[in-house]
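Scroll down for the structure; my scribbles are underneath it.
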Amino acid sequence: MKRIVYRSTIAAGVATAEVFNIIDTSNRRNPARGITGFLLHDGERFLQFLEGPPLEVEGLLAEIERDPRHTDLAIVYDEGAQEPWFPDWAMKRLINFTGPPAIDQLREELAGKPDGERVLGLVEEFLRD
């Protein structure tokens with residue numbers, strides 16, 4: 001398995017509804033590829049965590065890099081893995097108006113996982129900036 005976290009800037013003119021379309025498409029397509037993860041969007045930027053078979057993750061990342069809906073993609077985490085951290089999250093949108101805040105959900109999911117604190121730190125940095 002492979003894990004990647006990237007940051008990017010949303011392209012001018014991309015509406016929030018389009019971000020929801022990205023997540024819906026990911027939820028439909030990712031299970032067949034064995035990819036799981038989450039997406040944070042703050043109106044101006046993305047932070048996305050992807051995990052799955054290396055060739056599938058790399059193939060999806062190549063598609064994402066060509067996507068005109070964002071710019072300035074930078075990989076901030078790239079590691080091998082033995083098992084998925086988020087097996088039930090085809091692509092979790094971490095915006096929730098009725099449940100716990102996204103950071104609380106992630107803190108709970110990443111607790112005790114090797115390198116989980118490092119990934120949580122990337123998320124916290126993203127949320128602070």
Side-chain angles (χ1 to χ4, degrees):
M1 287 200 66
K2 183 175 188 77
R3 291 191 185 103
I4 289 179
V5 177
Y6 74 84
R7 292 174 72 147
S8 63
T9 303
I10 195 162
V14 175
T16 300
E18 185 60 26
V19 174
F20 294 143
N21 288 340
I22 292 168
I23 295 165
D24 290 342
T25 299
S26 297
N27 279 323
R28 284 193 314 275
R29 294 182 180 169
N30 286 354
R33 294 173 115 166
I35 293 176
T36 60
F38 62 82
L39 178 68
L40 287 169
H41 171 252
D42 70 359
E44 297 175 5
R45 302 167 303 147
F46 293 107
L47 181 87
Q48 187 166 28
F49 176 99
L50 300 169
E51 65 181 357
L55 290 177
E56 294 293 343
V57 170
E58 290 167 13
L60 178 56
L61 186 61
E63 291 173 28
I64 290 168
E65 288 175 323
R66 292 189 301 270
D67 192 323
R69 294 174 289 193
H70 65 131
T71 61
D72 306 320
L73 186 142
I75 296 172
V76 295
Y77 181 86
D78 184 348
E79 297 292 332
Q82 296 298 315
E83 59 186 38
W85 285 351
F86 303 101
D88 299 325
W89 293 6
M91 190 50 55
K92 178 85 166 173
R93 176 183 56 158
L94 290 175
I95 302 169
N96 187 346
F97 299 106
T98 59
I103 195 68
D104 292 342
Q105 264 187 298
L106 282 174
R107 195 171 280 118
E108 184 178 317
E109 292 290 330
L110 292 170
K113 294 197 166 92
D115 232 14
E117 284 296 318
R118 183 172 164 205
V119 171
L120 187 61
L122 292 169
V123 171
E124 289 172 335
E125 178 183 330
F126 176 81
L127 293 172
R128 272 193 312 268
D129 291 346

Give the table of side-chain donor-acceptor pairs shorter than 3.5 Å for residues 57-69, with sequence neighbours excluded, one pair per line with atom names and distance.
from: E63; atom 1: OE2; to: R33; atom 2: NH2; distance (Å): 2.7
from: R66; atom 1: NH1; to: A62; atom 2: O; distance (Å): 3.3
from: D67; atom 1: OD1; to: R69; atom 2: N; distance (Å): 2.8
from: D67; atom 1: OD1; to: R69; atom 2: NE; distance (Å): 2.9
from: D67; atom 1: OD2; to: R69; atom 2: NE; distance (Å): 3.1
from: D67; atom 1: OD2; to: R69; atom 2: NH2; distance (Å): 2.6
from: R69; atom 1: NH1; to: E18; atom 2: OE2; distance (Å): 2.4

- Message: Parallel, tilted or perpendicular, judged at 30° and 60°: which one describes the rings of W85 and Y77?
- Response: tilted
- Query: Should R107 and E124 count as side-chain neighbours, where that means a heavy-atom distance under 4.5 Å?
  - Reply: yes
- Message: I'd like to know whether I10 forms a side-chain contact (heavy atoms from CB on, under 4.5 Å) with V19, so could you lay out the CA-CA distance, the side-chain angles of the two residues, the decisive distance to 0.1 Å, and finally the verdict.
- Response: CA-CA 9 Å; I10 195 162; V19 174; 4.0 Å; yes
- Item | Shared hydrophobic cluster for I35 and M1 (ILVMFWY, side-chain gaps under 4.5 Å) | no
- Task: For atom CZ of R29, decide whether the heavy atoms of other residues, nucleotides or ligands shown that lie under 6.0 angstrom number more than 12.
- Result: no
- Query: Under 30°, 30 to 60°, or over 60°: which ring-plane class applies to F38 and W89, parallel, tilted or perpendicular?
  - Reply: perpendicular
- Note on the structure: Heavy-atom closest pair (R3 atom, G80 atom, distance to 0.1 Å) is NH1-O, 4.1 Å
- Query: Do any N or O atoms from the side chain of D42 and from the backbone of R45 form a donor-acceptor pair under 3.5 angstrom?
  - Reply: yes
- Message: Once rounded to the nearest 0.5 Å, what's the spacing between atom CZ of F49 and atom CG of L106?
- Response: 9.5 Å
- What is the distance from atom CG of L47 to atom CG of L122, rounded to the nearest 0.5 Å? 7.0 Å
- Any side-chain heavy atom of F86 sitting closer than 4.5 Å to one from L50? no
- Query: Which distance, rounded to the nearest 0.5 Å, do you find between the OG1 of T71 and the CZ of F46?
  - Reply: 10.0 Å
- Query: Got more than 12 heavy atoms from elsewhere within 6.0 Å of CG, L55?
  - Reply: no
- Item | Pi-cation contact, F126 with R7 (under 6.0 Å, within 45°) | no
